[in-house]
2 protein chains.
Amino acid sequence: MSVVPGATRNTRQRAQVLALLAATDGFRSAQQLHANLRDEGAQVGLTTVYRTLQLLADAGEVDQMRLPDGEQLYRRCGRGHHHHLVCRLCGRAVEVEIPSVERWTRNQAAAHGFVDADHTIEIVGTCADCATR
Amino acid sequence: MSVVPGATRNTRQRAQVLALLAATDGFRSAQQLHANLRDEGAQVGLTTVYRTLQLLADAGEVDQMRLPDGEQLYRRCGRGHHHHLVCRLCGRAVEVEIPSVERWTRNQAAAHGFVDADHTIEIVGTCADCATR
DNA sequence: GTGGAGTTGACAATCGTTATCGTTAGCGCT
DNA sequence: AGCGCTAACGATAACGATTGTCAACTCCAC
């Protein structure tokens, strides 16, 4: 039997992106992550950072959110469905759960005949540290 | 005394953008609106459409939301704080209110020391018409 | 070690949006 | 109606994040 097509490989670049994500606790943009990797001497292309983040996001390994200005941010996250309270300045994030809203959104969608409903809930603010600075 | 600086003027272009928005009941992108205006013979520049939408959004005359792919959408809306259930295909929107969540998000932000907290809640699905088509 | 399919990355292209800046035109005033 | 000031316009260029391209590379099963 030949190799199963579709296997994913463990490459140096993916390990480095994952390592950086593991060491970061706030949301970061692909460009920020790429810059950080370059700073610490890692040899990773910007394209690869984007691709890796997309892979991880699709696999549910990282969460992604979008700032009001449209920039995409990524963060290594706990599993399961949850939402975020994010600092608009430093990216620090707190995972929050909204038990009632999950049910509520489903019901609203169904009540209006919408199917395949998905929802996005993000709370963006300024964290205590950034506020006093 | 001279003219008060900062006055806004009534131009043909703004009237046309407003008229189109009034005749549209779903979320539309700036580019879609511009194309529609051109189709019906209106002479309006793309830049002006963007500027006008931004003005209206700042003034609270229209609501803006962002699709998962980052595209900005606009819609003439009822006043007051509310959220939307939007069709991902045709842009049709239903305004919904989430009584408990407004309070909940405020409390969560405060509990974690965040200030100036803002929240975005959007439900995107496929409406009944688009689903059967 | 070898083969070949998954990966990489420099570069170009895309796409929505914003800045530029000379021209146009709304409107308060006379 | 005419004048003048300045907001507003709009064609075009610039921008910035993201994605496509494609030849070179490198994991890894055998």
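Computed from heavy atoms alone, side chains included, the values below leave out hydrogens, waters and symmetry copies. Convention: sequence-line order gives letters A, B, ...; per-chain numbering from 1. As the structure is a computational prediction, the values presented were derived from the model and not from experiment.
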Interatomic distance where CZ belongs to A/Arg9 and C1' belongs to C/dG3 [whole Å]: 11 Å
Provide, to the nearest angstrom, the distance between the CD atom belonging to B/Gln72 and the C1' atom belonging to C/dT18. 13 Å
Can you tell me the distance, in whole Å, between the CD atom of A/Gln13 and the P atom of C/dG6? 17 Å
Interatomic distance where CZ belongs to B/Arg38 and P belongs to D/dC9 [whole Å]: 14 Å
B/Glu40 CD: over 12 foreign heavy atoms closer than 6.0 Å: yes
Compare the minimum distances between each of D/dT18, D/dG10, C/dT7 and the side chain of A/Thr8, then state the nucleotide with the smallest one. C/dT7
For a quick test of reading the model, state the closest non-hydrogen atom pair linking B/Leu46 to B/Gln31 and the distance between them. CD2-OE1, 4.1 Å
Could you check B/Gln54 against B/Gln64 for side-chain contact (heavy atoms from CB on, under 4.5 Å), going step by step and ending with a plain yes or no? CA-CA 9 Å; B/Gln54 199 54 60; B/Gln64 54 190 148; 4.1 Å; yes
Quick one: B/Arg51 CZ to C/dC21 C1', roughly how many Å, whole number? 11 Å
Euclidean distance, atom OH of residue B/Tyr50 to atom P of C/dC15 [Å, nearest integer]: 13 Å
Which word best sums up how the rings of A/His119 and A/His83 line up, parallel for under 30°, tilted for 30 to 60°, or perpendicular for over 60°? tilted
Separation of B/Gln43 atom CD from D/dA11 atom C1', in whole Å? 12 Å
Using atom CG of A/Asn10 as one end and atom P of C/dT7 as the other, report the distance to the nearest whole Å. 9 Å
Take A/Thr48 and B/Leu73, find for each the nucleotide of DNA chain C with the closest heavy atom, and name the residue whose nucleotide sits nearer the 5' end. A/Thr48
Identify which nucleotide among C/dG26, C/dT7, C/dG16 has an atom closest to any side-chain atom of B/Thr11, counting heavy atoms from C-beta outward. C/dG26
